[in-house]
**Student:** 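Here's a structure for you.
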Amino acid sequence: MSTGRVIAQVDCNAFYCSCEAVFEPRLWTMPLVVLSNNDGVVIALNTAAKALGIKRGESFFKVSRLIKTAGLQVRSSNYALYGDMSARVMATLKTLSPTVEIYSIDEAFLCLSAIPEASRTEYARHICATVRQFMGIPLSLGIAKTKTLAKAANYFAKQYPQLDGVLDLTGSAQQQEFLQALPVSSVWGIGPRWGQVLADEGVDNALKLRDLSDFWVRKRLGVVGLRTVLELRGMSCLPLEQCPRPRKSVCVSRSFGRPVQQLTELKEAVATFTAKAATKLRREHLATGALTVFVRSSKFKENFFSASANCRLLTASNYTPTLLKHSLALVDKLWRKDVKFAKAGILLTRLTDENTLQLNLFGKWDLSDDRPTKLMRAIDKSNLFYQQGRLRFAAEGMQRGWQTRAQYRSNRWTTCWEELPVVRV
DNA sequence: TCTGGGGTCCTAGGACCC
DNA sequence: TCTGGGGTCCTAGGACCC
């Protein structure tokens, strides 16, 4: 189990906010929040915004008054920008460590086993400084023998300015004190639900969690919880994964900018999500074998309605027209004329490699016909060059009054020709 | 007026098989 | 009187992550 490895967990500080500030430097010193899709809730906030008492997950309409009263800056989420910045940060990290596991858009685990202990902190600071210099993005870095402990170290690296963004917990004499200071619900793997279960048991910090009996943990928190506890004890249960595991599902869903009460509109929306999901499949050379469409009304209104319908494909596919045919048929099944739809989405499962399709005995095949593949390739190429969605299927609609709100979106500074930064006019 | 989206893994329970 | 046991596969729901 234990590999004797030294693991560093890197994450970008307030990543979405930092991405915005790189291209608009005045934002570094102003309170800034980035909103979720549909400008619904706060999903990222910088230190100055935290100082105003704003919390992650808070509804935007509850904090919007701060725009006027406290100079709060607001941006709609701009995933084209964040995704591209993330790719650049990860590429840089890969030049600084032989093993990099990209964990999320703003986090990675690195292997630092080869760095002598004495110079480890210095090297970690070099990593932070390099990314800061190349991308303008500030990082913090926690080092330990397991992923869970590295996450804990990073918690403090962020917390205490005197650490300068780096904490090495490996063999630290103060490991106990740090774990004692770490609230149990801030332990990686302990969410709100288990946090409450533990609190009820009087377990309020990571040290107490670490010292619980295996039996109790296994019974109440399952094998997942037990892994977390073992990791806190320094036993590595979650290895560094160098190759990303194959994806098992693709989901595209959105809340609507306003309630949808027309079947044609709901179909346009689901067609748009389907086309987007199909593009994603093709980009990763996957095909889907099953398709679920789900719809719901607002969670916050009376007569909450939620439903889903699914179907299996005879043969897996990533051809947009085929997927559209199925998803639109499912919308017909789910349609209710008395419901104000607030959100819809599509989930693709049973994914397989597009090059190793299992054909069906009862299907009709003309394997020599490569026109569908060529058509999709041409559309994808064009959309990649110009802009996603510029070339689309008629089913996706023209007016699209249901579209998600994004009132405060910044430019796609790095991925869109029309929106590149202008240095001099 | 307004309340996110995209993932993973585990578990329990039912259907089905021999 | 007495009604098995072990296994797999699938799905839905619940927990977690960012």
Side-chain angles (χ1 to χ4, degrees), chain A residues 9-16 33-45 55-65 67 74-79 82-83 86 101-109 147-148 151 154 184-198 217-228 231 237-238 241 244-259 273 276-277 280 284 289-290 292 294 296-301 304 306-310 312 340 342-351 404-408:
Chain A
Q9 190 254 340
V10 180
D11 78 25
C12 304
N13 303 342
F15 181 55
Y16 297 169
V33 295
V34 173
L35 304 177
S36 65
N37 276 323
N38 220 27
D39 293 342
V41 302
V42 172
I43 52 169
L45 60 170
K55 299 262 184 296
R56 188 183 188 289
E58 210 159 357
S59 303
F60 174 50
F61 73 89
K62 287 185 184 158
V63 300
S64 53
R65 65 189 159 80
I67 296 174
V74 176
R75 295 292 175 274
S76 302
S77 39
N78 183 348
Y79 290 103
Y82 313 147
S86 170
E101 176 190 334
I102 298 174
Y103 178 70
S104 74
I105 194 164
D106 73 328
E107 269 186 47
F109 291 98
K147 285 182 168 178
T148 307
K151 281 282 246 188
N154 203 336
V184 76
S185 50
S186 297
V187 172
W188 190 46
I190 304 298
R193 203 59 188 260
W194 289 356
Q196 193 55 54
V197 169
L198 290 163
V217 175
R218 176 65 182 85
K219 203 171 128 206
R220 303 296 299 274
L221 310 181
V223 295
V224 180
L226 186 56
R227 273 203 285 263
T228 295
E231 284 243 324
C237 304
L238 306 166
E241 299 192 24
R245 291 199 210 167
R247 174 207 282 286
K248 295 186 171 161
S249 66
V250 167
C251 179
V252 176
S253 76
R254 290 288 180 278
S255 295
F256 301 133
R258 57 161 171 75
F273 305 155
K276 224 181 183 129
K280 232 185 226 184
E284 300 183 24
T292 304
F294 53 93
R296 65 171 171 74
S297 65
S298 171
K299 281 190 287 189
F300 304 94
K301 302 243 161 67
F304 176 62
S306 171
S308 70
N310 59 75
R312 294 273 278 268
K340 292 179 177 168
K343 178 179 176 173
I346 184 163
L347 177 66
L348 307 178
T349 51
R350 300 182 165 269
L351 306 187
T404 294
R405 277 186 299 272
Q407 204 186 329
Y408 309 96

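Each chain gets a letter, A, B and so on, in the order the sequences are listed, and its residues count up from 1. Note: hydrogens, waters and symmetry copies are ignored here, and every other heavy atom, side chains too, is used.
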**Student:** Classify A:Ile190 by what it touches in the nucleic acid, base, sugar-phosphate, or nothing, heavy-atom distance under 4.0 Å.
**Tutor:** sugar-phosphate

**Student:** For the side chain of A:Arg254, starting at C-beta, report the closest nucleotide among B:dG5, B:dC9, B:dG4.
**Tutor:** B:dG5

**Student:** Within the structure shown, what part of the strands sits under 4.0 Å from A:Ser77 by heavy-atom distance: base, sugar-phosphate, or nothing?
**Tutor:** nothing

**Student:** With a non-hydrogen cut-off below 4.0 angstrom, is A:Lys343 in contact with a base, only sugar-phosphate, or nothing?
**Tutor:** sugar-phosphate

**Student:** For A:Lys147, which contact category applies under a 4.0 Å heavy-atom criterion: base, sugar-phosphate, or nothing?
**Tutor:** nothing

**Student:** Does A:Val42 reach a base, just sugar-phosphate, or nothing at all? Heavy atoms under 4.0 Å.
**Tutor:** nothing

**Student:** So what does A:Arg227 hit on the nucleic acid, given a heavy-atom distance under 4.0 Å: a base, only sugar-phosphate, or nothing?
**Tutor:** sugar-phosphate

**Student:** Both A:Phe256 and A:Phe294 contact DNA chain B. Which one's nearest nucleotide lies toward the 5' end?
**Tutor:** A:Phe256

**Student:** Would you say A:Trp194 reaches C:dG14's phosphate, i.e. side-chain N/O to OP1/OP2 under 4.0 Å?
**Tutor:** no

**Student:** For A:Arg218, answer base if it contacts any base atom (sugar-phosphate contacts may also be present), sugar-phosphate if it contacts only those atoms, and nothing otherwise; contact means non-hydrogen atoms under 4.0 Å.
**Tutor:** sugar-phosphate

**Student:** Checking all strands, does A:Ser104 fall into the base, sugar-phosphate, or nothing category for heavy-atom contacts under 4.0 angstrom?
**Tutor:** sugar-phosphate

**Student:** Select base, sugar-phosphate, or nothing to describe what A:Val224 touches, counting heavy atoms under 4.0 Å on all strands.
**Tutor:** sugar-phosphate

**Student:** Which base, if any, makes a Watson-Crick or G-U wobble pair with B:dC18, both distances under 3.5 Å?
**Tutor:** C:dG5

**Student:** Identify whether any heavy atom of A:Arg405 sits under 4.0 Å from a base atom; if not, whether one sits that close to sugar-phosphate; answer base, sugar-phosphate or nothing.
**Tutor:** sugar-phosphate

**Student:** Less than 4.0 angstrom between a side-chain N/O of A:Asn38 and OP1 or OP2 of B:dT3, yes or no?
**Tutor:** yes

**Student:** What does A:Tyr103 touch in the nucleic acid at a heavy-atom separation under 4.0 angstrom: a base, only the sugar-phosphate, or nothing?
**Tutor:** sugar-phosphate

**Student:** Using a cut-off of 4.0 Å on non-hydrogen atoms, how would the nucleic acid contact of A:Asp106 be classed: base, sugar-phosphate, or nothing?
**Tutor:** sugar-phosphate

**Student:** Is A:Glu58 touching bases, backbone alone, or none of the nucleic acid, heavy atoms closer than 4.0 Å?
**Tutor:** nothing

